[in-house]
Amino acid sequence: MAHATQVGLQDATSPIMEELIIFHDHALMIIFLICFLVLYALFLTLTTKLTNTSISDAQEMETVWTILPAIILVLIALPSLRILYMTDEVNDPSFTIKSIGHQWYWTYEYTDYGGLIFNSYMLPPLFLEPGDLRLLDVDNRVVLPVEAPVRMMITSQDVLHSWAVPTLGLKTDAIPGRLNQTTFTATRPGVYYGQCSEICGANHSFMPIVLELIPLKIFEMGPVFTL
Amino acid sequence: MQESLCSASPQSVGRGAPRDAGCALPRPAEAGRSHAGAARERLWGGPGAGARTQVPPQRVLSWSLGRPRSRSHCRAREMLPRAAWSLVLRKGGGGRRGMHSSEGTTRGGGKMSPYTNCYAQRYYPMPEEPFCTELNAEQQALKEKEKGSWTQLTHAEKVALFPPKPITLTDEWKAQQLQRMLDMKVNPVQGLASRWDYEKKQWKK
């Protein structure tokens with residue numbers, strides 16, 4: 001999750017997110033360079049004492065400032081497409097979970113081995129224990145194994161929603177009447193937060209997503225722990 | 001110090017006033033807490049869950065609060081989880097949709113305080129209702145004054161009319177929250193937890 005004044009991306013919990021962070025740094029660096037160059041040129045233009053009102057026919061300059069941006073765009077596009085296709089790789093998920101968006105909560109279905117379906121509601125402020133995260137904590141978290149490819153099938157019951165977990169680099173729209181698929185492999189155990197990312201009504205801000213990633217051995221043990 | 005009044009804004013209900021606010025709001029009977037062990041228990045159900053190998057063709061009743069479900073609950077349709085939830089709470093019947101009152105359908109009817117109303121609907125945690133509906137005479141007079149021009153309100157009155165800050169913005173809660181985030185090792189690579197020295201229990205120099 002992000003701390004209060006965080007501006008940058010959260011740390012990656014999946015390999016795809018690591019790639020996305022690297023790409024983000026790469027694209028941001030190019031953007032900063034271009035902005036700096038343009039601002040410098042603007043500054044020079046505004047503060048120069050030279051005057052020449054009859055410039056014409058600057059073919060070389062025009063060629064340079066056409067070819068150079070094209071090269072920069074190619075430098076941005078190649079890593080971008082690489083990551084795009086990486087997210088679509090078939091990695092034989094070992095576990096499938098369905099996530100269904102409602103107004104204004106999520107339903108999760110674990111139907112691979114046995115049947116488990118539960119709703120995940122945001123904890124209202126009165127229900128919070130000391131130290132809990134307001135508007136982020138839920139009553140029932142999505143418990144998942146670490147280092148196992150997981151397939152999420154996401155859809156919606158009523159209106160558009162979006163199932164997003166930034167630290168895993170996931171954001172998938174929940175569209176009524178359509179089943180969207182996303183896969184991920186988490187690398188670290190922990191609790192990871194996300195929020196609904198498509199405006200869906202009055203309580204769009206109050207339907208968070210919480211994943212609890214636990215080691216695979218403990219996940220497989222299943223009904224061992226009791227309250 | 002004048003107690004904070006609440007205006008009817010969507011956010012005001014969620015602004016947790018100090019727990020001993022002017023109106024005696026009923027404390028929830030049980031809070032659906034989720035800790036790792038409890039979540040695992042809810043995931044797999046109690047002992048004997050492994051024996052349930054057959055999934056009925058219709059949806060299984062959703063699990064809330066980790067309560068073990070008996071076989072009789074296994075005939076579930078869309079609305080049943082919501083009705084079952086309100087039965088669990090023993091409040092409000094079928095929730096807003098099931099209520100029939102003479103006041104119409106806008107406010108869900110009845111003199112229930114907003115917090116009991118929203119218990120019946122877990123999916124609507126912050127209804128657009130005033131935080132407190134029982135105001136004393138002084139507070140009532142201030143609400144009437146608010147209906148006029150706001151330039152006539154003093155600074156103290158404006159502060160009193162403003163919705164109360166959530167309890168989660170107090171220093172004590174923020175400290176507990178930070179401790180929880182460090183325990184969860186939030187962003188341990190380059191973020192928050194990476195700047196905390198877990199051996200010496202202090203921030204890294």
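Naming convention: chains lettered A, B, ... in sequence-line order (proteins, then strands); numbering from 1 in each chain.
The environment of B/Lys145 atom NZ is dense: over 12 non-hydrogen atoms of other residues, nucleotides or ligands sit within 6.0 angstrom.
Within residues 8-30 of chain A, the residues having any heavy atom closer than 4.5 Å to a heavy atom of chain B are A/Gln10, A/Asp11, listed by residue number.
Interface remark: B/Val189 contributes backbone and side-chain atoms alike to the contact with chain A (heavy atom separation under 4.5 Å).
Annotation: cation-pi geometry not satisfied between B/Lys204 and B/Tyr198 (NZ/CZ under 6.0 angstrom from ring centroid, within 45° of ring axis).
At a threshold of 4.5 Å between non-hydrogen side-chain atoms, the residues A/Tyr193 and B/Met184 count as touching.
A side-chain donor-acceptor contact under 3.5 Å links B/Trp150 to the backbone of B/Glu146.
Tested against A/Phe219 for a ring pair (Phe, Tyr, Trp, His ring centres under 6.0 Å), the candidates A/Tyr110, A/Tyr113, A/Phe95 yield a single pass: A/Phe95.
Closest heavy-atom contact between B/Lys174 and B/Leu169: CE-O, 3.6 Å.
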